[in-house]
There are 2 protein chains.
Amino acid sequence: MASQKPVPRIVVSRLPVYLRALQHMAQEGKVVTSSQELAQRLGTTSAQIRKDLSYFGEFGRQGMGYEIGYLMQQLRRILHVDREWPVALVGAGDLGHALANYAGFPPEGFRIVAVFDNDPKKIGQTMAGLTIQDSAHLREVIARERLKVAIIAVPASGAQAVADELVAGGVRAILNYAPITLNVPEGVQVQYVDPVVHLQRMTFYLDDE
Amino acid sequence: MASQKPVPRIVVSRLPVYLRALQHMAQEGKVVTSSQELAQRLGTTSAQIRKDLSYFGEFGRQGMGYEIGYLMQQLRRILHVDREWPVALVGAGDLGHALANYAGFPPEGFRIVAVFDNDPKKIGQTMAGLTIQDSAHLREVIARERLKVAIIAVPASGAQAVADELVAGGVRAILNYAPITLNVPEGVQVQYVDPVVHLQRMTFYLDDE
DNA sequence: TGTTGTGAATGACTTCACAGCG
DNA sequence: CGCTGTGAAGTCATTCACAACA
């Protein structure tokens with residue numbers, strides 16, 4: 001029986017990694033796997049994978065393991081990625097350009113449908129097939145298109161203001177590439193990508209010579 | 001007295017975020033702060049900040065708080081970022097381009113000193129002032145330059161092979177932008193940036209309408 | 001007084017270990 | 001027999017709450 005307990009955030013954070021590994025297995029033609037095999041690939045333990053999945057239901061067969069296609073489908077449902085998510089991208093610099101053209105989004109159901117910048121030289125130009133819009137219209141467009149997901153790829157100095165506009169327009173999930181901690185209301189999700197922070201998390205462990 | 005207990009990874013992972021916030025405060029001209037103020041900015045608790053810092057020493061003054069410049073300096077020392085780290089960048093696509101030109105690295109002591117790609121059309125060209133080198137020479141160059149830190153910005157299909165070469169050359173910390181879990185030896189640090197994974201960690205919490 | 005640093009208490013997460021089932 | 005699903009045990013992390021001190 002699946003647990004009714006609240007799902008720890010850390011469990012949720014691992015599910016996309018499981019899903020990604022299952023997709024790779026499927027591409028390799030594998031049909032069935034086990035918590036053991038998956039754990040080995042991911043550098044974790046079979047018990048952790050089984051326990052994580054147990055928060056949501058029973059997806060395996062005793063003695064058999066997991067049917068990869070079925071488990072992928074279930075994880076997509078759990079993560080709410082069994083649909084298309086239209087995404088707003090704010091910032092049309094080098095990083096925004098890379099994100100707008102990233103081939104990894106469409107197959108996963110994330111579709112960038114609007115790009116914003118506040119640079120007059122960029123507004124009106126085209127990026128990845130989309131017209132760059134003035135950030136001044138951010139809130140209005142977000143609200144009209146009912147966008148719930150956005151990516152911030154602007155400098156730190158403008159990021160909080162952008163976040164405020166996004167939230168005011170109705171955005172509930174922000175992937176933030178600006179090197180600053182955002183202040184958002186309860187219930188608005190934020191994920192941070194700051195290469196400097198990520199590098200500093202590793203240099204700690206490097207020998208001090 | 002500072003604790004002698006082993007430092008939890010999760011504590012280390014928060015230090016760069018504290019450092020970043022302190023830098024912003026310093027830019028605003030602030031000289032002193034408190035665990036309370038810092039916690040408010042970062043959406044955490046003062047107790048957590050004090051406890052985290054207590055693993056490394058005593059950096060504040062009772063009744064007074066923390067001298068921002070001093071605490072920054074101490075965090076830089078703890079994180080081993082009180083020096084220059086030369087970094088190898090593998091992958092000269094859109095993302096590699098954005099990273100090579102990222103203005104946020106130099107002020108933090110991270111300097112991209114070598115760029116690699118395996119595309120004959122790109123090898124020999126210049127990117128951010130560096131000549132793009134053939135990935136075939138990856139291990140050799142890494143070893144010769146004694147590089148300990150690298151960034152992977154290649155497609156998933158090539159990422160494990162790149163990681164193997166990096167590690168063979170002596171790299172001990174990898175910032176991986178490829179959407180795949182890397183298999184590396186004990187002691188080699190890896191940080192993952194996969195926008196799809198980050199987005200999926202948030203869509204879980206979005207209403208299921 | 002205000003704020004740190006920290007043991008103690010609480011809470012969360014991971015691992016164990018095994019019943020149960022295919 | 002092999003592997004899942006899961007309570008129970010064990011470990012780790014956060015929060016509490018207060019002595020100590022500028």
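All chains are named by letter (A, B, ...) in the order of the sequence lines, taking the proteins before the strands, and each is independently numbered beginning at 1.
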inquiry  = Nearest whole Å is fine: how far is dT4(D) C1' from Ile49(A) CD1?
reply    = 13 Å
query = So what does Thr45(A) hit on the nucleic acid, given a heavy-atom distance under 4.0 Å: a base, only sugar-phosphate, or nothing?
reply = sugar-phosphate
request  = State whether the distance check finds a donor on one side and an acceptor on the other, under 3.5 Å, for side chain Arg50(A) versus base dG5(D).
outcome  = yes
request  = Take atom NZ of Lys51(B) and atom C1' of dA9(C), then tell me their distance rounded to the nearest Å.
outcome  = 11 Å
inquiry  = Can you measure Gln48(B) atom CD to dA9(C) atom P for me and round it to whole angstrom units?
reply    = 21 Å
request  = Would you mind telling me which of dT15(D), dC13(C), dT6(C) lies closest to the side-chain atoms of Pro8(A)?
outcome  = dC13(C)
request  = Nearest whole angstrom, please: distance from the P of dA20(D) to the CD of Glu58(B).
outcome  = 14 Å
query = Do any side-chain nitrogens or oxygens of Tyr66(A) fall under 4.0 Å of OP1 or OP2 in dG22(C)?
reply = no
key: Residue whose closest nucleotide on DNA chain C lies nearer the 5' end, Gly60(B) versus Val11(A)   = Gly60(B)
remark   = The nucleotide from dG22(C), dT14(C), dC16(C) with an atom nearest the side chain of Gln62(A) is dG22(C)
message = Nearest to the Ser35(B) side chain among dG22(C), dG5(D), dT4(C), which nucleotide is it?
response = dT4(C)
key: Whole-Å distance separating the CZ atom of Phe59(A) from the C1' atom of dG5(D)   = 12 Å
inquiry  = Just the rounded figure in Å: distance from P of dG5(D) to CZ of Arg61(A).
reply    = 11 Å
Glu140(A) bridged to Arg144(A) by N-O distance under 4.0 Å = yes
query = What is the distance, rounded to the nearest whole Å, between atom CD of Glu67(A) and atom C1' of dT4(D)?
reply = 16 Å
request  = By nearest nucleotide on DNA chain D, pick out whichever of Asp52(A) and Gly63(A) is the more 5' one.
outcome  = Gly63(A)
message = Nearest 0.5 Å, please: how far is CZ in Phe105(B) from CG in Leu199(A)?
response = 5.5 Å
ask   = Do Ser13(B) and Arg9(B) get their side chains close enough for a donor-acceptor pair, meaning under 3.5 Å?
value = no
query = Within the side chain of His80(A), is there an N or O that forms a donor-acceptor pair under 3.5 Å with the backbone of Leu206(B)?
reply = yes
query = Within less than 4.0 Å of OP1 or OP2 of dT14(D), is there a side-chain N or O belonging to Arg14(B)?
reply = yes
query = Ser54(B) has a side chain; which of dA17(C), dT14(D), dG5(C) sits nearest to it?
reply = dG5(C)
inquiry  = Does Tyr66(B) form a side-chain contact (heavy atoms from CB on, under 4.5 Å) with Leu38(B)? I'd like the steps, not just the answer.
reply    = CA-CA 10 Å; Tyr66(B) 301 89; Leu38(B) 198 47; over 6 Å; no
query = How many Å lie between OH on Tyr55(B) and C1' on dT4(C), as a whole number?
reply = 17 Å
